[in-house]
Every structure is written in structure tokens, then in C-alpha cells.
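Shown next, in C-alpha cells, is the structure this report addresses.
No hydrogens, no waters, no symmetry mates; every other heavy atom, side chains included, goes into these values.
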Amino acid sequence: MKNLIEIYNQFKDVINRKAFLLFLLQFTLKVIFLLFTLIPAFIVMYIFDTILPTFDKGTLTNTLLFLLLFLVLFAILEYFLAKVQLKTNIFLKQKTQKQVVNSILNKDYMSIKKFGEGDLIYRTKQDLEMIIQRGLYLFLEIPLNFFLVLALCIIMFYFNPFLATIAFLLIFSESIYSFFFSKTYESKVQKVKILESKTMESLKQLMDRLLFIKLNNLSSYEERSYMNVYEDALGKGESLSLYQAKHKAIIGIMANSKQLVIIAVGAYLISINQTTIGVLLAFTQIMFRTAQPLDSLYFVPFIYKDMTTSFQRIKPLLERDERYGIREYTNDSDPDIIISCRNLTYSVDGKLIIKDFNIDVERGERVAIIGQSGSGKSTLCKLIAGLFNYQGTITIRSNTEPSIGFLIDECSLLRGTVVENLTYGTENIPITNTDIKEVLKEVKLEHFIDNASIIDKTKISRGEQQRLELARIMLTKPDIIILDEPTSALDTDTEKVVWSNFLNRTVDSTIIYTTHKKSIIGYNDRIVNLQSRNTSIENQIAN
């Protein structure tokens with residue numbers, strides 16, 4: 001119950017008026033659909049017990065026409081039910097997917113990096129679909145099936161109490177077997193899932209170690225290790241399939257035996273005028289109708305477990321970080337200062353990276369952050385950029401939210417063309433093809449001009465990556481620019497040209513950048529020397 005409340009609280013915004021109406025409509029159509037499935041049994045009883053004794057052709061014709069009309073209505077109802085189910089699923093998928101994506105986009109970057117890309121894709125698709133499917137099944141199908149079984153039992157006792165008692169005992173014995181089967185089956189399924197996960201993890205590790213394997217000639221060893229895990233998973237999968245086949249055979253024997261017993265007892269009751277052929281045929285149909293809803297009730301614990309397990313996997317993505325996004329925007333009385341950091345502190349897993357950092361950055365100022373490796377330069381850039389959670393405050397002073405451009409140590413290029421990379425998210429900025437060509441020349445990437453192919457960032461050098469990212473900033477000319485080692489992968493000659501052109505293009509921007517290269521620090525740039533992990537800072541003018 002606690003898990004259900006937690007799931008509801010997490011997705012309560014999804015359950016709005018439209019979702020409730022769709023759920024109610026689906027429930028109503030399901031009830032009508034289930035009632036419709038019972039009508040053929042009564043039609044059979046009417047034909048055999050009312051029409052055949054006198055064989056009234058007119059009544060038989062009318063009954064068959066009614067049956068034909070019923071089948072048409074049943075097909076229409078089935079179509080509309082499928083349509084409503086589809087709309088409900090699509091609506092819930094859209095709402096939950098939007099919620100998860102919004103949560104990811106507003107989470108601390110460090111917490112997102114803990115998840116692999118494949119893991120994120122799986123969780124945002126498979127786990128969400130599992131929660132929706134299992135949730136609808138638990139709150140829609142299970143209650144309906146429970147009341148359907150109850151209604152079927154009442155109908156069977158109405159037809160013939162003695163026959164119903166025998167059928168109930170047979171169904172009960174079948175149910176006991178199915179219950180124990182479901183427990184064993186679920187256990188075997190979990191073992192197969194664990195081994196499949198191990199297989200995927202083993203293959204992932206193999207790919208991660210590929211270079212090491214090739215350099216050390218370990219291909220045969222890795223192949224044997226992987227195949228051992230894979231063959232173990234295949235063996236468990238085969239065992240599960242055989243177990244399912246055995247269960248199917250046993251259930252088939254039990255179902256046929258149940259039918260023979262009911263027919264035999266029914267024949268005896270007919271012989272002593274305690275029932276009729278029509279009632280026996282209708283009773284048999286109703287009895288077999290109980291099989292599917294009963295089976296669904298056995299698997300309730302496992303369905304609940306699947307839903308809660310999926311929720312626990314996706315929960316870290318849905319939880320909002322408390323301190324994320326606390327950068328303040330204000331238009332207070334100081335027109336010269338654009339960025340203020342006060343008591344900025346950041347740590348990772350208990351390890352202090354930056355402590356009580358304070359700085360004011362003026363509009364149009366260029367600030368070079370230097371320091372030893374590990375002193376927190378890159379981290380500071382990411383904090384100001386709003387990527388990580390932190391303690392303290394970062395205030396950006398502006399009448400409106402300013403545009404900000406970034407270049408960090410991780411490549412942020414998209415899988416797209418050069419033009420798509422340079423113009424992504426710039427719908428409100430007029431950028432022409434001429435502008436793009438000029439900027440590409442200024443960053444010495446002439447060979448990318450008129451290149452319409454998709455950029456694979458793994459196949460271009462880090463220097464080319466940096467220059468493309470700088471080119472994008474040069475086109476957009478944001479109010480604030482934050483750069484982490486912007487020329488670290490450039491040779492001296494290229495660096496001199498590219499950096500000079502970059503500064504000319506962004507002359508009105510406020511620029512904060514980290515560097516190990518004194519050659520790019522301008523004469524009027526302020527230097528902030530980040531000393532180790534302490535608050536010790538030096539402000540200098542470059543000479």
C-alpha cells in the first residue's frame with residue numbers, strides 16, 4: 001500500500017480530469033463488453049430448450065438474425081473499446097514521458113551522469129510503459145475480473161446448484177495448481193531476467209575493455225567468459241520454456257477432464273429431468289468463461305511487484321533535486337555587476353571541491369580563472385552554468401534572463417549537420433548562410449563549409465569540436481559566456497587566430513574562462529587564481 005501511495009503522489013499530476021474520464025469510459029465499455037460475452041450462452045440455451053422442441057422456423061430465423069446483429073454490435077463495441085484503450089495509453093504515456101523528461105532536464109548534471117545513456121532510454125521507455133500497463137491492469141482489469149468471476153459463479157448456481165458445486169470443486173482444484181505454478185513460474189522468470197541482465201552487463205564490459213583486450217591478446221579468454229554467461233542464460237530460458245509447455249499440457253488435461261465430468265454429470269441430470277440440454281451447453285460455456293479472469297487473479301502479486309520494481313528503478317529520475325536551479329535573477333541597483341557568487345560551496349560524495357567562493361563579475365568583463373589541476377576551475381564554470389547543485393548563491397543581475405553560452409570539457413555537439421549544430425536553439429536569432437561561412441573561416445574550419453553530412457563527434461578531433469562550439473557562440477553572441485579550457489586542443493598558430501577572432505565577435509559579452517595557457521589571457525583580463533580547494537583567490541592584471 002505504501003508503494004501505491006508513493007506512485008500516486010509521484011504521478012498525481014498526470015491523473016487529471018481527462019485521464020479520469022478516459023478511465024471511466026474504458027471501465028464502462030469493459031463492463032458492457034463483458035456482459036456481451038455472456039449473451040451467446042443464453043442464446044444457445046434458448047435455441048435448444050425453446051426453439052428445437054417445436055422447431056419453429058420463424059422463431060429460429062429471428063433468433064439467428066438477432067445473433068447476427070449481436071455479432072455486429074459486439075465487433076463495433078470491441079473496436080471502440082480498443083480505441084479508448086489506445087487513447088488512454090497514449091495519453092498516459094505522453095503525460096508521464098513529459099514529466100520524466102522535464103525532471104531529467106531540471107536535475108543536477110552530476111546525478112544524471114550516473115546513469116548510462118542506454119539505462120536512461122530503458123528507464124524512460126520500458127519502465128514507464130510497465131508502470132502504465134501494470135497500473136491499468138491492477139486498477140481496471142483485476143476488479144472487473146473479480147466481479148466477473150463472482151457473477152459467473154452466481155449464474156452457474158442459478159442454472160443448476162448441483163452441477164455448479166461440482167464445477168466449483170473442479171475449478172478450485174485447478175486454481176490451487178495454477179496458484180503454485182504461478183509462484184514457481186515467477187521464480188524461474190526472475191532467474192532468467194537476472195541471467196539476461198548478467199549477459200548484457202558482460203557484453204557491455206567486453207565493449208568497455210575492447211582496447212585492453214586487443215592490446216593484450218585476450219580475445220579467446222573474453223569469448224569463453226562471455227559465452228559461459230550467455231549459455232547459462234540460454235539454459236535457464238530453455239528450462240522456463242519447457243516448464244511452460246508442461247504446465248500447458250497439464251492444464252489442457254485438467255480442462256478436458258473438467259469438461260468430461262460436467263458433460264457426464266449433466267447427461268445424468270438430463271436423464272432424470274433435473275436439467276436440459278440447453279442449460280448444460282450454456283453452463284459449459286459459462287464455466288469455461290471463468291478460466292481467463294481466474295488466471296489473472298493468481299498473478300496479482302507478481303503484477304504488483306513488476307509495477308513497484310519499475311517505479312523504484314525510475315524513481316531517482318523523477319525526484320527533483322532540492323537546490324537545483326537556485327540561480328537568482330535580479331534587476332537591483334548595481335548596474336555594473338552582472339554575476340555575483342556568495343559563499344559558493346560544492347562537494348562530491350563528501351569530498352570538498354570549492355568552499356566559500358565569492359566573486360563579482362562586471363558587465364563586459366573578461367575573467368580568466370587559473371590554478372593547479374584539481375583546484376576546481378572546471379567545477380566553478382559548471383556551477384555558474386547551473387549544471388551542479390551547490391550551497392551558497394549565484395545571482396545574475398539583469399532586467400530579463402540573459403542569454404548564456406557555454407563550452408565545457410565535455411563535447412556538446414549534436415548528432416546532426418554542421419548547420420544544425422551551429423543554429424540549434426537559435427530560432428529567434430537571424431543567422432544566414434553567409435554568417436555561418438564567415439564564422440567557419442574565422443575558426444579555420446573551411447573544410448566544413450557546405451558539408452551536409454552528419455557530424456560524428458567521435459570521428460573529429462577535439463580541436464575541431466572546440467572550434468565548432470566556439471563558432472556557435474560567435475554566431476549567437478550571448479550576454480554571458482562561460483568557457484572551460486576553450487583552446488586546450490589547439491596548436492599555437494591556430495589558437496592565436498581563432499581566439500582573436502572569437503574575442504572580436506564577442507566584444508560586448510561578459511566572458512569567464514579557465515585556462516592553463518597564459519597566451520590567451522589578455523592584458524585587461526582579470527585573473528582569478530583558484531588556490532587548491534581553499535577560498536584563497538588573487539585578482540591580478542595580466543602583464
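- In this structure, the side chain of S175 engages the main chain of I171 through a donor-acceptor pair within 3.5 Å.
- Of all heavy-atom pairs between T514 and S378, the closest is CG2-N, 4.5 Å.
- Few gaps surround OH on Y243; more than 12 heavy atoms of other groups in view lie less than 6.0 Å from it.
- Rounding to the nearest 0.5 angstrom, the gap separating the CD atom in Q466 from the CD1 atom in I460 is 11.0 Å.
- The shortest non-hydrogen separation linking S310 to D127 is OG-OD1, 3.3 Å.
- Side-chain contact between H516 and K377 is present, with heavy atoms from C-beta onward closer than 4.5 Å.
- Considering all non-hydrogen atoms of both residues, L470 and P486 come closest at CD1-O, 3.9 Å.
- Heavy atoms of other residues, nucleotides or ligands lying less than 6.0 angstrom from CZ of F288 number more than 12.
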Practice task
Apply side chain to side chain contact (heavy atoms under 4.5 Å, CB included) to L136 and F23, showing your working.
Solution key: CA-CA 9 Å; L136 287 174; F23 183 86; 4.2 Å; yes

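- With a 4.5 Å cut-off on side-chain heavy atoms, F502 and T487 do not count as touching.
- Surrounding CE of M200 are at most 12 heavy atoms belonging to other residues, nucleotides or ligands under 6.0 Å away.
- Side-chain rings of F388 and Y346 approach one another, their centers coming within less than 6.0 Å.
- In this structure the side chain of S509 never reaches within 4.5 angstrom of the side chain of I480, judged on heavy atoms.
- Atom CD1 of I436 sits about 13.0 Å away from atom NZ of K441, to the nearest 0.5 Å.
- Checked by atom type and distance alone, the side chain of D525 never pairs as donor or acceptor with a backbone atom of V367 at under 3.5 Å.
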Problem - Audit row: L344, D356, side chain to side chain contact (heavy atoms under 4.5 Å, CB included) steps and yes/no - result: CA-CA 5 Å; L344 199 58; D356 293 331; over 6 Å; no

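- When all heavy atoms of M474 and V439 are compared, the pair lying nearest together is CB-CG1, 4.3 Å.
- Within 6.0 Å of NZ in K517 there are more than 12 heavy atoms belonging to other residues, nucleotides or ligands.
- Other residues, nucleotides and ligands place no more than 12 heavy atoms under 6.0 Å from the CD atom of E223.
- The closest donor-acceptor contact from the side chain of T426 to the backbone of T423 lies under 3.5 Å.
- Side chain of D435 to main chain of I431: no donor-acceptor pair is present (N/O by atom type, distance under 3.5 Å, no hydrogens or angles).
- For the side-chain contact (heavy atoms from CB on, under 4.5 Å) with E442, the lone residue among R467, R505, K437 that qualifies is R505.
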Problem - Verdict with reasoning, L468 to I455, per side chain to side chain contact (heavy atoms under 4.5 Å, CB included) - result: CA-CA 11 Å; L468 280 171; I455 292 177; 3.9 Å; yes

Exercise for the section: Evaluate side chain to side chain donor-acceptor pair (under 3.5 Å) for S412 paired with E469, printing each intermediate quantity in order. Expected result: CA-CA 8 Å; S412 62; E469 294 184 77; 2.6 Å; yes

Handout entry: Q244 vs H247, side chain to side chain contact (heavy atoms under 4.5 Å, CB included): CA-CA, chis, key distance, verdict
Key = CA-CA 5 Å; Q244 285 178 293; H247 166 70; 5.6 Å; no

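- Using a 4.0 Å cut-off between charged nitrogen and carboxylate oxygen, E141 and K30 count as a salt-bridge pair.
- Note that the CG atom of N256 and the CD1 atom of I253 stand 8.5 Å from one another [nearest 0.5 Å].
- The shortest non-hydrogen separation linking L503 to R366 is CD2-CD, 3.8 Å.
- With hydrogens and angles disregarded, a donor-acceptor distance shorter than 3.5 Å links the side chain of R472 to the backbone of N421.
- Using a 4.5 Å cut-off on side-chain heavy atoms (C-beta onward), I512 and L483 make no contact.
- Between the side chain of D491 and the main chain of D493, a donor-acceptor pair closer than 3.5 Å is present.
- Checking side-chain atoms of S375 against main-chain N and O of Q372 turns up a donor-acceptor pair under 3.5 Å.
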Practice task
Would you sort out whether N228 and S225 count as a side chain to side chain donor-acceptor pair (under 3.5 Å), showing the intermediate values?
Solution key: CA-CA 5 Å; N228 286 337; S225 299; 5.6 Å; no

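- We find that D484 and K382 are not joined by a salt bridge, their nearest charged nitrogen and carboxylate oxygen being 4.0 Å or further apart.
- In this structure, S500 contributes its side chain and K496 its backbone to no donor-acceptor pair below 3.5 Å.
- Classification of E78 and K83 as a salt-bridged pair fails, no side-chain N sitting under 4.0 Å from a carboxylate O.
- Atom CD of E238 has 12 or fewer neighbouring heavy atoms from other residues, nucleotides or ligands inside a 6.0 Å radius.
- Across every non-hydrogen atom of I473 and F406, the tightest pair is CD1-O, 3.7 Å.
- A donor-acceptor pair under 3.5 Å is absent between the side-chain atoms of T345 and the main chain of Q391, judged by distance alone.
- Proximity of L128 to K93: side-chain heavy atoms (C-beta onward) are nowhere separated by under 4.5 Å.
- Other residues, nucleotides and ligands contribute only 12 or fewer heavy atoms inside 6.0 Å of the CG atom of N433.
- The side-chain tip of K246 does not point at the ring of F181 from less than 6.0 angstrom away and within 45° of straight on.
- Proximity of F357 to L383: side-chain heavy atoms (C-beta onward) are nowhere separated by under 4.5 Å.
- From F172, atom CZ reaches atom CD1 of I176 across 3.5 Å, with rounding to the nearest 0.5 Å.
- No donor-acceptor pair under 3.5 Å is formed between the side chain of Q26 and the backbone N or O of L81.
- The pair K444-E495 does not count as a salt bridge, with every side-chain nitrogen at least 4.0 angstrom from each carboxylate oxygen.
- Residues V300 and L138 are in side-chain contact: their nearest non-hydrogen atoms beyond the backbone lie under 4.5 Å apart.
- By the 4.5 Å heavy-atom criterion applied to side chains, F448 and E464 are counted as neighbours.
- With a 6.0 Å radius and a threshold of 12 heavy atoms from other residues, nucleotides or ligands, Y221 has its OH atom at or below the threshold.
- Once rounded to the nearest 0.5 Å, the distance linking OG of S239 with CG of L234 reads 12.5 Å.
- Each of V418, L422, T417 was checked for a side-chain contact (heavy atoms from CB on, under 4.5 Å) with E420, and the lone residue meeting it is T417.
- With rounding to the nearest 0.5 angstrom, the CG atom of L211 is 9.0 Å from the CG atom of N216.
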